[in-house]
Amino acid sequence: MLWSKTFIPTMKETPEGAEIPSHILMLRAGLISQVMAGAYTYLPLGLRALRKAEQIVRQEMDAAGAIELLMPALSPLSLWERSGRVAAFGDVLIQFSLKRQNRKINVALGPTHEEVITDLVAHHISSYRQMPITLYQIQTKFRNEERPRFGVLRTSEFLMKDAYSFDASLEGLNHSYQLMYKAYCRIFDRCGLKYLAVEAESGPIGGEASHEFMVLAPNGEDVVLHCAECGYAANQERAEVGARDFSKPNVSPEPLRQVPTPGASTIEQVSNFLGCTPKQMIKTLIYLADDRPVAILIRGDHDANEGKIRRQCRASTVGLAPPEVIQQVTGAPVGFAGPVGLAQKVPIFADRDVQCVVNAVTGANAADAHLTGVNLGRDFAVDAFADLRNAVDGDPCPRCSSVVRLHQAIEVGHVFKLGTKYSEALGATFLDANERQQTIIMGCYGIGINRIVAALIETCHDDNGIIWPISLAPYEVLLLPLNVAHEPTWQAAQDLYQQLQAAGVEVLLDDRDCRAGVKFKDADLIGIPLRVVISERGVKDGKLELKWRWQRQADHLPLDGASQQITELIADERRTARRFREFRNSS
RNA sequence: CGGGGCGUGGCGCAGUCUGGCUAGCGCGCCUGCUUUGGGAGCAGGAAGUCGUGGGUUCGAAUCCCGCCGCCCCGACCA
């Protein structure tokens with residue numbers, strides 16, 4: 001492709017509003033252009049990278065035995081009502097009605113496709129002989145995100161690979177899951193991403209086990225905990241807190257006292273007001289576990305983990321209680337709950353770290369008052385201690401004697417063991433070998449294609465621009481004739497361009513009649529892996545200059561036979577990615 | 001949904017507090033000459049409903065009220 005014939009609107013300055021590297025670089029390098037919040041046009045360069053990622057995903061899905069199909073983005077709302085997810089998705093589900101002659105039909109744009117595919121399978125699979133099967137598609141998904149942000153990382157419309165496995169047995173599901181898990185590892189490896197597979201909650205989608213594939217990046221929206229020693233990795237919702245010493249500090253108990261704390265209800269306000277640290281405080285949270293109130297005690301500097309609370313309460317749903325219930329349980333307005341003297345008898349569960357707090361500060365179950373010198377055993381009792389809080393940086397690892405570290409991360413993929421949630425709701429059953437009717441067991445597996453591209457850029461760039469691995473690069477080689485008005489230079493560039501194209505190399509020729517500096521800056525910005533400079537002097541001496549984007553120094557190459565050498569270099573890098581890997585491992 | 005910021009040629013910004021002449025600057029774009037290995041120089045030129053609706057005023061980019069859009073933090077979230 002000739003630079004002048006395609007469309008690469010690069011920008012010298014950072015557009016207003018872009019703050020994180022991937023967003024800034026995608027805009028500046030002319031990969032994307034914003035249409036509105038959460039919706040971007042993919043320009044030619046961005047689209048090529050996106051297609052590369054898509055193709056890698058497709059190849060690995062096919063290699064893992066998954067079968068591609070394509071479902072419509074539009075589907076009848078009734079399908080979503082049958083699974084109960086109209087309510088679960090809420091405003092995230094984009095729905096509207098269409099006029100058809102004299103009727104109206106209610107439809108939704110798919111935020112994911114469990115319902116559609118399960119309905120398909122319910123109609124067409126009826127025997128254990130037709131399984132296992134894994135079906136997938138690569139298609140645009142729609143989600144009305146409350147707050148789209150970070151450029152292309154969170155948008156209301158995005159390209160997703162979604163796969164669904166259908167098995168006759170749990171062992172079958174485990175096998176299908178493993179196949180997808182391994183395929184995901186190969187995909188992210190090939191895309192040049194440094195990733196971590198972390199244990200995850202299955203969330204509202206239901207099911208039993210799941211892993212998220214995370215790319216560590218300071219601007220990621222997700223939080224993961226990772227033990228460098230044993231490799232334990234989990235997202236924050238899931239991460240367990242390892243064993244630790246629960247002995248109390250050697251401090252003598254103080255008498256229980258009620259102190260006025262007018263207007264101070266949050267941990268921060270109270271600790272400032274009373275001059276204590278959040279660590280000395282115990283917060284008392286009133287939750288509704290399947291509509292039954294419970295009191296949860298968490299040390300002031302920790303955050304409650306609803307998943308852990310839900311499991312402790314053996315409830316299917318938990319949520320913070322509304323103000324009326326809090327008032328009822330504590331006898332005080334919101335913000336002054338405490339474990340001592342609750343108005344209503346409710347189960348009290350405490351996080352394990354609560355047992356080490358002596359002379360704690362808690363709410364007094366009275367407006368504008370807190371208690372100091374609160375001590376476990378003497379002043380209050382709990383029904384059970386359990387791991388109820390979010391893990392934090394430096395917590396003991398649950399699997400070994402080391403500690404876990406907290407990292408921000410971008411979620412690029414997710415694999416779930418779904419079980420029978422959707423097959424049951426939508427009647428996807430089969431006859432087994434014993435002629436018994438059974439429910440199909442499902443798994444589902446998603447990859448955000450746009451996020452692959454954004455995560456790569458987010459984690460692989462320098463001050464001058466993007467650094468693509470050859471696998472995702474919009475073009476593999478950039479030819480840079482410095483002076484296109486110089487006839488021999490231009491001729492050499494054109495010859496090389498044609499030879500490389502004939503050899504199947506994806507090559508971009510910067511044929512613009514502009515100064516060398518402009519071309520070099522743009523070359524670094526768009527980050528094509530191999531840059532070939534053709535200069536007046538070089539042509540005279542029969543030489544070319546070769547530089548991988550991640551190298552500092554350029555190499556020289558005889559002009560004679562250059563195309564063959566470049567073709568071989570590209571072929572080797574495509575096959576092994578060893579030069580890119582070497583750079584990434586050293587940086 | 002709560003908090004904060006922003007909206008002025010294609011892009012980045014100044015001007016707004018303290019209303020006043022023809023709305024400026026840099027980049028980009030067009031023409032010409034010179035230049036040609038890291039975002040060139042000179043000369044000339046095109047391009048702006050100052051987000052939008054209303055109000056105050058002799059006069060509004062500037063002051064007041066409403067609305068819209070964009071970005072960030074929080075809440076929320078496969």
Side-chain angles (χ1 to χ4, degrees), chain A residues 9-20 23-24 27-28 30 33-40 85 88-93 110-115 141 143-151 153-156 158 160-164 200-207 210-214 219 221-223 235-238 266 303 306 319-320 411-418 421-422 443-448 451 463-465 480-486 489 510 512-525 531 533-539 544-545 547 552 554:
Chain A
T10 60
M11 281 184 263
K12 207 186 276 195
E13 282 166 301
T14 300
E16 192 206 9
E19 296 195 359
I20 68 169
H23 192 195
I24 292 171
L27 288 166
R28 286 195 53 213
S33 180
Q34 186 177 44
V35 177
M36 62 175 189
Y40 289 84
R85 283 216 289 183
F89 272 111
D91 290 335
V92 172
L93 186 70
T112 168
H113 277 239
E114 282 81 7
E115 281 80 355
K141 295 285 183 275
R143 291 183 194 180
N144 181 33
E145 295 289 351
E146 292 281 320
R147 181 149 89 88
R149 63 180 137 177
F150 297 144
L153 280 175
R154 180 165 290 270
T155 52
S156 37
F158 55 97
M160 185 184 207
K161 185 284 301 177
D162 48 323
Y164 308 88
E201 286 289 338
S202 43
I205 206 156
S210 80
H211 287 87
E212 288 170 345
F213 288 78
M214 297 286 202
N219 291 305
E221 290 186 273
D222 293 275
V223 174
N235 70 14
Q236 194 167 40
E237 289 92 73
R238 181 76 185 184
T266 67
D303 287 323
E306 287 193 4
L320 278 171
E411 181 190 344
V412 289
H414 209 153
V415 291
F416 286 97
K417 290 182 189 175
L418 263 180
K421 176 175 164 151
Y422 296 97
C444 70
Y445 316 92
I447 289 181
R451 279 189 179 180
D463 292 345
N464 297 316
L480 215 63
L482 292 185
N483 182 0
V484 294
H486 180 249
T489 299
D510 189 349
R512 294 175 300 171
D513 183 13
C514 58
R515 296 173 63 89
V518 176
K519 295 192 176 200
F520 283 128
K521 286 289 184 190
D522 272 347
D524 285 348
L525 184 58
R531 188 188 80 186
V533 173
I534 303 142
S535 66
E536 260 178 76
R537 199 177 55 227
V539 169
L544 291 175
E545 187 183 289
K547 189 175 96 63
R552 286 188 154 275

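As the structure is a prediction and not an experimental result, all values here were calculated from the model. Here is the naming used below: chain letters follow the sequence lines, and residue numbers restart at 1 for every chain.
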Please determine whether a side-chain nitrogen of the Lys or Arg among Lys421(A) and Glu114(A) lies less than 4.0 Å from a carboxylate oxygen of the Asp or Glu.
no

[X] near the nucleic acid: base, sugar-phosphate alone, or nothing, with a heavy-atom cut-off under 4.0 Å?
{"X": "Tyr445(A)", "value": "nothing"}
{"X": "Arg531(A)", "value": "base"}
{"X": "Val518(A)", "value": "base"}
{"X": "Glu16(A)", "value": "sugar-phosphate"}
{"X": "Glu221(A)", "value": "nothing"}
{"X": "Pro111(A)", "value": "base"}

With respect to the phosphate group of rC11(B), does any side-chain polar atom (N or O) of Arg28(A) fall under 4.0 Å of OP1 or OP2?
no

Does rC73(B) have OP1 or OP2 under 4.0 Å away from a side-chain N or O of Arg147(A)?
yes

Decide yes or no, distance alone: a donor-acceptor N/O pair under 3.5 angstrom between the base of rG37(B) and the side-chain of Asn483(A).
no

Side chain of Pro15(A) only, heavy atoms from C-beta on: which candidate in rC11(B), rG38(B), rG37(B) is closest?
rC11(B)

Separation of the P atoms in rC63(B) and rC6(B), to the nearest angstrom
12 Å

Between rU8(B) and rA14(B), how far is it from one P atom to the other, in whole Å?
11 Å

Answer for the Watson-Crick or wobble partner of rU56(B), both distances under 3.5 Å, is none

Separation of rC76(B) P from Phe89(A) CZ (nearest whole Å)
17 Å

Protein-nucleic acid N or O pairs under 3.5 Å, nucleotides 29-35 of chain B:
unit_1  : atom_1 : unit_2    : atom_2 : d
rU35(B) : O2     : Arg515(A) : NH1    : 2.9

